[in-house]
Undergrad: 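If you scroll down you'll find the structure; I have some questions about it.
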Amino acid sequence: MASLKDLRARIASVKSTRKITSAMKMVAASKLRRAQTAAESSRPYAERMERMVSTLAGALKGNAGAPPMLVGNGTDRVNLIVMVTADRGLCGGFNTSVVRNVRHLANELLAAGKTVAIMPVGRKGRDQIRRDFGAHLVDGFEQLGRKGIRFDEAEKVANRVIAMFDNNEFDVCWVVYNRFKSAITQEVTRHQMIPFESSVGETVSDSRAVYEFEPCETEILDDLLPRNFAVQMFRALMESQASEQGARIARWTMPPATRAI
Amino acid sequence: MMSAPVDMVVVPGVDGDFGAMAKHTPVITTVRPGVVEVHDGGKVSERMFVTGGFAEVTEKRVTVLAEDTIPMNEISENAAKLRHKEGEEALVDAKTDRERAHAEHILAIAGAMHDVAARRR
């Protein structure tokens with residue numbers, strides 16, 4: 001039976017824990033607002049660019065000179081999975097759900113006899129997946145976006161991936177990240193980036209034929225594809241960061257979680 | 001950056017500047033460093049320096065996906081010189097084709113900035 005003194009100590013301890021979690025919540029709330037605005041304002045640009053690429057992709061379909069980043073290098077043997085998670089925990093299922101998705105994808109690919117490499121962006125995801133897929137890990141990134149994601153950070157990730165592709169280190173590239181839906185919901189999103197696959201669905205096909213291109217399609221694509229890759233990466237990182245803050249707030253706001261302290 | 005219904009947009013395409021108005025033939029083009037001019041109501045309503053990017057023109061709209069935009073009042077010969085220096089350093093350090101292309105691109109931006117600043121003087 002706990003003495004009065006023990007109970008007092010317990011009350012004090014719970015109170016101080018609550019102070020910490022409520023402080024975390026407030027910090028996350030202010031970060032959330034900034035991250036959410038950033039993520040949402042990046043969407044139109046990323047979507048327009050993606051639409052432009054799919055227009056060009058449509059115009060070039062079946063063309064022998066099409067760049068490998070668009071149509072692939074003819075094989076799908078080695079798969080690179082870019083896994084975007086947070087550097088820190090205490091945010092509910094945020095990291096775990098991405099890791100689970102990556103694990104599923106990796107298992108599917110391995111079962112189909114393919115080779116899998118996983119590039120972790122964010123420390124938590126790397127730590128979680130190391131146990132089962134340690135042999136498949138390649139160098140990744142962490143500590144991105146300490147003060148909000150900057151484009152050059154996304155470009156750094158993108159350039160590494162593109163350099164690997166140019167070196168024939170992989171054939172297919174996937175990105176798995178949390179997409180921000182609202183402050184309390186995130187959606188794990190899996191997107192095939194190389195060869196290019198549109199995430200917005202097929203665009204209207206009849207408008208494709210009438211476009212003119214200056215200079216020619218392939219030359220634009222040589223510029224546009226790496227650019228698009230960086231932009232989509234930027235977007236994934238921003239979506240992930242906004243989701244992370246949302247998840248952290250939700251984790252510390254839901255009554256069962258607070259009670260579980 | 002901005003989205004508005006306007007009369008015409010002048011875009012610095014790789015093969016020369018072009019003005020896009022409604023009913024323009026659909027075009028997709030690379031944009032070279034230069035000034036995007038927005039014309040509305042018979043006068044230039046907005047000018048922006050872009051460092052490059054892509055433009056998509058359809059019958060109904062012009063979309064300029066710029067890499068970066070710089071307000072016109074920040075363009076000066078000094079800024080151009082700084083950019084030029086940065087480009088030359090990058091060119092010296094460049095090892096791969098991609099890095100070399102990037103350095104040349106910075107030099108192109110510097111050139112365009114210089115032209116804009118010189119024209120204003």
Side-chain angles (χ1 to χ4, degrees), chain A residues 41-60 67 69 150-152 154-156 158-167 203-232 234-235, chain B residues 1-4 9-21 23-34 36 48 50-70 86 90 93-106 108-109:
Chain A
S41 58
S42 80
R43 282 179 190 168
Y45 191 97
E47 277 161 15
R48 285 282 172 86
M49 183 160 265
E50 193 170 359
R51 205 180 55 195
M52 209 187 265
V53 176
S54 41
T55 308
L56 278 154
L60 268 177
M69 265 186 87
R150 292 193 321 269
F151 185 71
D152 60 323
E155 222 173 10
K156 220 162 55 186
N159 286 344
R160 166 99 57 94
V161 175
I162 293 170
M164 284 174 74
F165 186 69
D166 288 346
N167 273 338
T203 38
V204 270
S205 53
D206 51 301
S207 68
R208 277 176 182 164
V210 294
Y211 273 95
E212 279 175 23
F213 300 99
E214 272 181 39
C216 63
E217 290 100 317
T218 16
E219 248 178 85
I220 297 182
L221 274 172
D222 280 345
D223 273 353
L224 186 57
L225 284 170
R227 184 78 193 160
N228 178 57
F229 193 89
V231 167
Q232 302 304 336
F234 187 38
R235 179 189 176 183
Chain B
M1 277 296 276
M2 65 172 287
S3 175
V9 182
V10 177
V11 181
V14 264
D15 296 337
D17 294 8
F18 65 92
M21 302 172 75
K23 302 271 170 74
H24 192 284
T25 330
V27 174
I28 290 182
T29 176
T30 342
V31 174
R32 66 181 164 76
V36 174
M48 267 172 287
V50 296
T51 61
F54 305 92
E56 180 189 24
V57 182
T58 68
E59 288 190 352
K60 294 194 195 96
R61 70 166 84 85
V62 182
T63 309
V64 180
L65 294 173
E67 286 165 13
D68 199 2
T69 58
I70 301 169
E86 185 192 331
D93 293 340
K95 286 172 205 78
T96 63
D97 281 353
R98 227 180 265 283
E99 281 170 11
R100 206 161 300 125
H102 180 70
E104 273 160 15
H105 182 62
I106 297 176
I109 296 171

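The sequence lines fix the lettering, A, B, ..., with proteins before strands; numbering per chain opens at 1. Note that the coordinates shown come from a computational prediction; the quantities given were computed from them, not determined experimentally.
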Undergrad: How long is the gap from CZ on A/R227 to CG on B/L65, to the nearest 0.5 Å?
TA: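 The CG atom of B/L65 is 9.0 Å from CZ of A/R227, to the nearest 0.5 Å.
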Undergrad: Under 4.5 Å heavy-atom distance to chain B, tell me which part of A/D166 shows up: side chain, backbone, both or neither.
TA: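 Only the side chain of A/D166 comes within 4.5 Å of chain B.
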Undergrad: Considering all heavy atoms of both residues, which atom of A/M49 and which atom of B/F54 are nearest to each other, and what is their separation?
TA: CE-CD1, 3.8 Å
Undergrad: Tell me, for A/R48 versus chain B, whether the close heavy atoms (under 4.5 Å) come from the side chain, the backbone, both or neither.
TA: both
Undergrad: State which residues pass side chain to side chain contact (heavy atoms under 4.5 Å, CB included) with A/S42; sequence neighbours excluded, sorted by chain then number.
TA: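 Per chain and number, A/S42 pairs via side chain to side chain contact (heavy atoms under 4.5 Å, CB included) with A/R235, A/M238.
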Undergrad: Measuring heavy-atom distances to chain B, does A/P44 have an atom under 4.5 Å in its side chain, in its backbone, in both, or in neither?
TA: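 The answer is neither part of A/P44.
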